[in-house]
Amino acid sequence: MLIQNLERRVAEQKSQWILSANKDLIIKMLPGLDNLLLADKHTEDVGVRIAIKHFMEILEQDGVKKIKTENAMFDPNLMEAVSTTDGEMGKVVEEVKAGYTLNDDVIRVAQVVVGAGKQNN
């Protein structure tokens, strides 16, 4: 009985170490993805789009998901407001830097510009 408990505990710890190592590696890779996304904003390069798509597919296979900010209400658990501007109060106007979750745990919050309620009509 003691040996089974020990084996189970060791297996759980090993699994946690692997997840932690994956998380650290993914966090180190995100600036590279940020650079690709920035390049995509300023070019019409098909190769950049293919690289981004491939990068995201690999990350998604390992449980990484991009935090959805487009037309979303500001959520302080998932987002950091870096600025405010005219727009619907509390609604994300622009994403400055993408945020990501790993197996539903936030590994990087999204940096966003949030509407301050003033509208120019």
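- Residues passing the side-chain hydrogen bond (donor to acceptor under 3.5 Å, both in side chains) test with Asp45, sequence neighbours excluded: none.
- The distance from atom CD of Glu88 to atom CZ of Phe74, rounded to the nearest 0.5 Å, is 15.0 Å.
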Show every donor-acceptor pair shorter than 3.5 Å between a side-chain atom in residues 1-11 and any protein atom, with sequence neighbours excluded, or say none if there are none.
unit_1 : atom_1 : unit_2 : atom_2 : d
Arg8   : NH1    : Glu12  : OE2    : 3.3

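- Using a 4.5 Å heavy-atom threshold, the side chains of Ile107 and Lys23 count as touching.
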I'd like a table of donor-acceptor pairs (distance under 3.5 Å, sequence neighbours excluded) in which one partner is a side-chain atom from residues 61-70, with atom names and distances.
unit_1 : atom_1 : unit_2 : atom_2 : d
Lys66  : NZ     : Glu95  : OE1    : 3.2
Lys66  : NZ     : Glu95  : OE2    : 3.1
Thr69  : OG1    : Glu95  : OE2    : 2.7

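- Members clustered with Val46: Ile50, by chain and number, using a 4.5 Å side-chain heavy-atom cutoff among hydrophobic residues.
- In this structure Lys41 satisfies the side-chain hydrogen bond (donor to acceptor under 3.5 Å, both in side chains) test with no other residue, sequence neighbours excluded.
- Side chains of Met79 and Val92 form a contact here, defined as non-hydrogen atoms less than 4.5 Å apart.
- Residues Val114 and Val106 fall within the same hydrophobic cluster, defined by Ile, Leu, Val, Met, Phe, Trp and Tyr side chains chained together at heavy-atom separations under 4.5 Å.
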Just list the side-chain donor-acceptor pairs under 3.5 Å for residues 27-40, sequence neighbours left out, or say none.
unit_1 : atom_1 : unit_2 : atom_2 : d
Asp34  : OD1    : Arg108 : NH2    : 2.8
Asp34  : OD2    : Arg108 : NH1    : 2.8
Asp34  : OD2    : Arg108 : NH2    : 3.3
Asn35  : ND2    : Pro31  : O      : 3.4
Asp40  : OD1    : Arg49  : NE     : 3.0

* Show the numbers, then the answer: is there a side chain to side chain contact (heavy atoms under 4.5 Å, CB included) between Thr84 and Val113? => CA-CA 5 Å; Thr84 59; Val113 176; 5.8 Å; no
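- In terms of hydrophobic clustering, with Ile, Leu, Val, Met, Phe, Trp and Tyr side chains grouped at heavy-atom distances under 4.5 Å, Val109 and Met73 are assigned to different clusters.
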